Amino acid sequence: MHKCEQLYEGKAKKVFLTENPDVLIVSYKDDATAFNGLKKGMIVGKGAINNRMTNLLFQKIEEAGVPTHYIQELNDRETAVSRVEIVPLEVIVRNVAAGSFSKKLGIEEGTELAEPTIEFSYKNDELGDPLINSYFAKALNLATSNEIETIKKYAFMVNDILKVEFLKAGLRLIDFKIEFGRFHGKIILADEVSPDTCRLWDVESGDKMDKDRFRRDLGNVEEAYIEVARRLGLEIEKE
Ligand code: UDP
């Protein structure tokens, strides 16, 4: 498997074609952005951590019955994945109030929710990823009813799997964002699961161990990413 021409460069990854039309290679960058690209920076070593963590967790998710785009880790930063057509929805699952949810609803960060919630944002940078509901998604032809039902089912399954995996690592899964794609007509999990896309708080101290350290200028950003990776059992050298 080798990289052919670059298909796309996003905020956190580059994507390359391969000789197989069903396979892409993603290459994770250290670049960090927040607030729809307004805040820019770099988290040294993040690309390798997010790549390896995503691959580890996608394999666990797959074993638990949710199909994913993961094929094979090629090196620290690069992975072969199934080429999907991304469903333009950011799917957010929450266990505990934080971030925009806390602000919008006036609920203190850290408040445990009575049950997990799900929400959809329309993936559109120009519009700032507006919050929509499943009726909007259908009305805009972003996904069919069947696809939305599958996405909801898989998203809560992913939550159950990740909650357990992170708890074993002494981390509380507050909320996370995932994306799905279509592969030969089937919905599968795509994109990533990492401290860029999850809120993870230390079980004992409550310390934030995720991208909020970058968003909110809390310091020790690299250290937090490394600590999360190590607790999941990955061997990470500080770059
Ligand atoms: N999130 C993400 N990408 C986005 C927006 C949110 O990965 O473009 C993740 C974020 O890291 C958090 C969860 O989704 O784990 C919920 O984020 P929220 O809606 O609270 O938005 P925020 O307060 O981060 O803007």
Side-chain angles (χ1 to χ4, degrees), residues 10-13 26 28-41 43 46-47 49-51 53-54 57-58 61 68 86-113 115-133 136-137 142 151-152 154-156 158-163 165-167 169 171-181 189-202 206-218 221 224-225 228-229 232:
K11 285 177 275 196
K13 299 181 211 78
V26 290
Y28 285 70
K29 307 193 288 186
D30 284 354
D31 298 353
T33 62
F35 312 118
N36 202 21
L38 282 179
K39 182 177 174 123
K40 288 194 175 71
I43 301 174
K46 171 171 90 77
I49 289 176
N50 287 3
N51 179 44
M53 193 184 302
T54 296
L57 295 171
F58 272 31
I61 289 167
T68 78
I86 288 285
V87 177
L89 295 174
E90 300 208 332
V91 180
I92 293 174
V93 177
R94 301 176 190 271
N95 299 303
V96 176
S100 63
F101 184 90
S102 285
K103 206 174 275 175
K104 202 167 11 191
L105 299 172
I107 300 172
E108 200 184 337
E109 281 211 318
T111 309
E112 189 86 34
L113 303 177
E115 54 181 77
T117 65
I118 190 164
E119 71 202 52
F120 301 112
S121 294
Y122 175 31
K123 242 175 97 70
N124 184 316
D125 280 340
E126 262 168 53
L127 300 175
D129 301 334
L131 180 69
I132 61 168
N133 63 31
F136 283 32
L142 306 180
I151 285 172
K152 283 186 190 164
Y154 285 168
F156 286 123
V158 169
N159 185 42
D160 290 338
I161 302 156
L162 292 180
K163 262 199 297 200
E165 289 306 319
F166 283 124
L167 201 57
L171 296 164
R172 196 168 162 216
L173 178 61
I174 305 302
D175 57 28
F176 62 93
K177 184 268 302 180
I178 46 179
E179 297 180 21
F180 291 89
L189 184 66
D191 197 43
E192 67 177 287
V193 171
S194 71
D196 272 6
T197 62
C198 300
R199 284 197 171 94
L200 301 165
W201 295 0
D202 183 81
D207 285 353
K208 296 181 179 20
M209 307 284 285
D210 55 61
K211 197 167 148 188
D212 274 348
R213 300 205 73 82
F214 169 76
R215 292 190 190 99
R216 303 180 188 187
D217 296 318
L218 299 176
V221 186
Y225 277 66
V228 171
L232 288 170

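In what follows, residues are counted from 1 in the order of the sequence shown. Everything numeric here is computed off the predicted structure, so don't read it as measured data. All ligand and atom numbering here is 1-based and tracks the order in the structure. Computation of the quantities below employed the complete heavy-atom set of this structure, encompassing side-chain atoms and omitting hydrogens, waters and symmetry-equivalent molecules.
- In this structure, CD on E119 lies 5.5 Å from CG on L131, to the nearest 0.5 angstrom.
- The closest approach between K103 and ligand 1 stays at or above 4.0 Å for every heavy atom of the residue.
- For atom 6 (C) of ligand 1, the nearest protein heavy atom (residue, atom name, distance) is I92 CD1, 4.3 Å.
- Within ligand 1, the atoms closer than 4.0 Å to a non-hydrogen atom of G99 are 20 (O), 23 (O), numbered from 1 in the order shown.
- Using 4.0 Å as the threshold, D196 has a heavy atom nearer than that to some atom of ligand 1.
- Closest non-hydrogen pair, Y28 versus N51, comes out as CE1-OD1, 3.3 Å.
- Put simply, the residue from D30, D191, D196 that forms a salt bridge (charged side-chain N to carboxylate O under 4.0 Å, His left out) with K13 is D191.
- Between K39 and F214, some side-chain heavy-atom pair lies under the 4.5 Å cut-off.
- Surrounding NZ of K103 are at most 12 heavy atoms belonging to other residues, nucleotides or ligands under 6.0 Å away.
- The residue S121 has no part lying near ligand 1, judged by heavy-atom distances below 4.0 Å.
- If you check which protein heavy atom lies closest to atom 15 (O) of ligand 1, you get D175 OD1, 2.6 Å.
- Of the candidates K211, K177, E179, R199, R199 brings a heavy atom nearest to atom 17 (O) of ligand 1.
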Please evaluate residues D129 and N36 with respect to the criterion side-chain hydrogen bond (donor to acceptor under 3.5 Å, both in side chains), reporting the C-alpha separation (whole Å), side-chain torsions for both, the decisive distance (0.1 Å), and the verdict. CA-CA 8 Å; D129 301 334; N36 202 21; over 6 Å; no

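- For atom 10 (C) of ligand 1, the closest heavy atom belonging to the protein is R215 NH2, 3.5 Å.
- Contact record, D31 with K11: CB-O, 3.7 Å, taken as the closest heavy-atom pair.
- On a distance-only criterion, S100 and ligand 1 share at least one N/O pair closer than 3.5 Å.
- In this structure, atom 4 (C) of ligand 1 lies nearest to the protein heavy atom E90 OE1, 3.5 Å.
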